[in-house]
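Atom set for the values below is all heavy atoms of this structure, side chains included, hydrogens, waters and symmetry mates excluded. Bear in mind the structure is a predicted one, so any value in this text is a computation, not a measurement. Convention: sequence-line order gives letters A, B, ...; per-chain numbering from 1.
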There are 2 protein chains.
Amino acid sequence: MVRVTKVDLSPRPVEAMSPRQLERRESLIAAALALVNEIGVERLQMKQVCERSGVALGTAYRYFSSKDHLLAAAIAEWHRLLLADLVSELRGPRGGLGTTDRVVRFVRHGMRAYQRQPQLARLRVAVAASTDPFASEALQGMARADNAALQAVMAEVPTAASDLVRHIVGHAWQGELTAWVTGRTTLGDARRRLEDVVRLVLTPYDTP
Amino acid sequence: MVRVTKVDLSPRPVEAMSPRQLERRESLIAAALALVNEIGVERLQMKQVCERSGVALGTAYRYFSSKDHLLAAAIAEWHRLLLADLVSELRGPRGGLGTTDRVVRFVRHGMRAYQRQPQLARLRVAVAASTDPFASEALQGMARADNAALQAVMAEVPTAASDLVRHIVGHAWQGELTAWVTGRTTLGDARRRLEDVVRLVLTPYDTP
DNA sequence: GGGGCAAGTAGAACGCGTTCTCGTCGGACG
DNA sequence: CGTCCGACGAGAACGCGTTCTACTTGCCCC
């Protein structure tokens, strides 16, 4: 008797999961984030994540197509929380701040968050180049959230023009983060340069 | 009798190699580049590189600290050749071209080169996030060459201002390349956006 | 309640990057 | 010319991501 069944093709979409499954999924992501903060992404192994979250190794691969996919989902989730923080933080001292200053503050605080948890910066950089389609999808979602947050912070700039500006800022952020965690620049230089980029591309639109 | 000797700490610097060794090193890089073009970086294995270049596996690791290091050296070499091509190509039709148009042409031709050898684009992206210090060093050299080439192409812009601009273009290039090879955007969109970035950050300096 | 099946568990197996072992070679130095 | 020692070749060994196997559990439908 010949079995032709192919199983385990690809992870079930999040929206089609039962509550129990969503719970397991979250527990995997939480364990991954915690372990990355404790020991760093390069020493993290799937077996540990599974042990800590109480999920069998084979099952983890039913939820995430690869280690990259799990890590991408984890950093995307964290980054989304960070963006929400940054945006709401800027709602407070918004009075008297021009667009440029607001965006500079946005990226400065963002960089500081990564500085406080450098392992997450390494995680973001390590995962950015993944070719796993599921990981890539998670990262695309992260990029979209990034764009939306920037859009919210620089509401004065017309959308048509701001689209390019947002991409520039996004790329510069990712690039400087990469240069920092791979030791090609210092954190201070990275932060300074990123802020300079923001100032350069935004001052034309500033109308104080 | 106890041996305490630790060997193989790190690869011998290129400038301290004998001619025979430089030859082996080059042959490893050449084999890696050829194989990446043939089968792609994700299917490339160290064993194949060693077989094709006639170097033993252990010996390869005496020249390069890791697969990442070898691949970084390979893409850096190729990218340097590309830059030389791009710069010399712009020496021809330089008459009548403003700085912006020159740089736009520069990145357009650069993107086209990666389009012709998409496996090398994947290679560049895959290796960009490496944390191996030796790979990182090779990439830093590549980034410097990139900067120098851009500097040559936009000679009219004062150095102080052009430094930031060059970083912006470099980051946007890397970012769009990444978005393309990971399937988050199309090649056409990536090329267009990169050229738009160049135009946005350079037109203020254009003095026709 | 019972039968059937997708989903879960535990852990062995496999592939490839990296390291280790050990025998051989080649070239500098007496 | 002989000797010594670091570099090389061949391939086994090891670690971890990923997949596979065999068994068990939970859930839907009759």
With sequence neighbours excluded, tell me which residues meet salt bridge (Lys or Arg N to Asp or Glu O under 4.0 Å) with [X].
{"X": "B:D196", "answer": "B:R199"}
{"X": "A:E51", "answer": "none"}
{"X": "B:R108", "answer": "B:E195"}
{"X": "B:R122", "answer": "none"}

Please name all residues satisfying ring-ring contact (aromatic ring centres under 6.0 Å, His included) with A:F106, sequence neighbours left out, ordered by chain then number.
none

What is the distance, to the nearest angstrom, from the [atom1] atom on [X] to the [atom2] atom on [N]?
{"X": "A:R20", "N": "D:dC28", "atom1": "CZ", "atom2": "P", "answer": "14 Å"}
{"X": "A:R25", "N": "C:dG8", "atom1": "CZ", "atom2": "C1'", "answer": "18 Å"}
{"X": "B:M46", "N": "D:dG15", "atom1": "CE", "atom2": "P", "answer": "20 Å"}
{"X": "B:E42", "N": "C:dG15", "atom1": "CD", "atom2": "C1'", "answer": "16 Å"}
{"X": "A:K67", "N": "C:dG15", "atom1": "NZ", "atom2": "P", "answer": "20 Å"}
{"X": "B:Y61", "N": "D:dC14", "atom1": "OH", "atom2": "P", "answer": "18 Å"}
{"X": "B:K47", "N": "C:dG15", "atom1": "NZ", "atom2": "C1'", "answer": "9 Å"}
{"X": "B:Q45", "N": "C:dC16", "atom1": "CD", "atom2": "P", "answer": "4 Å"}

Indicate, with a heavy-atom threshold strictly under 4.0 Å, whether A:L44 touches base, sugar-phosphate, or nothing.
sugar-phosphate

Using the side chain to side chain donor-acceptor pair (under 3.5 Å) criterion, which residues pair with A:T178? Sequence neighbours excluded.
none

Only one of B:R193, B:R191, B:R192 forms a salt bridge (Lys or Arg N to Asp or Glu O under 4.0 Å) with B:D189, so which one is it?
B:R192

Does anything in residues 119-131 of chain B come within less than 4.0 Å of DNA chain D? Heavy atoms only, and list the residues if so.
none

Salt bridge between A:R80 and A:E77, side-chain N to carboxylate O under 4.0 Å?
no

Protein N or O to nucleotides 4-13 of chain D N or O, pairs below 3.5 Å:
| unit_1 | atom_1 | unit_2 | atom_2 | d |
| --- | --- | --- | --- | --- |
| D:dA7 | OP1 | B:R12 | NH2 | 2.4 |
| D:dC8 | OP1 | B:R24 | NE | 3.4 |
| D:dC8 | OP1 | B:R24 | NH2 | 3.0 |
| D:dC8 | OP1 | B:Y63 | OH | 2.6 |
| D:dC8 | OP2 | B:R62 | NE | 3.0 |
| D:dG9 | OP2 | B:A56 | N | 3.1 |
| D:dG9 | OP2 | B:T59 | OG1 | 2.8 |

Please tabulate, one pair per line, all N/O donor-acceptor pairs under 3.5 Å involving side-chain atoms of residues 24-33 of chain A, not counting sequence neighbours.
| unit_1 | atom_1 | unit_2 | atom_2 | d |
| --- | --- | --- | --- | --- |
| A:R24 | NE | A:Y63 | OH | 3.2 |
| A:S27 | OG | A:S53 | O | 3.3 |

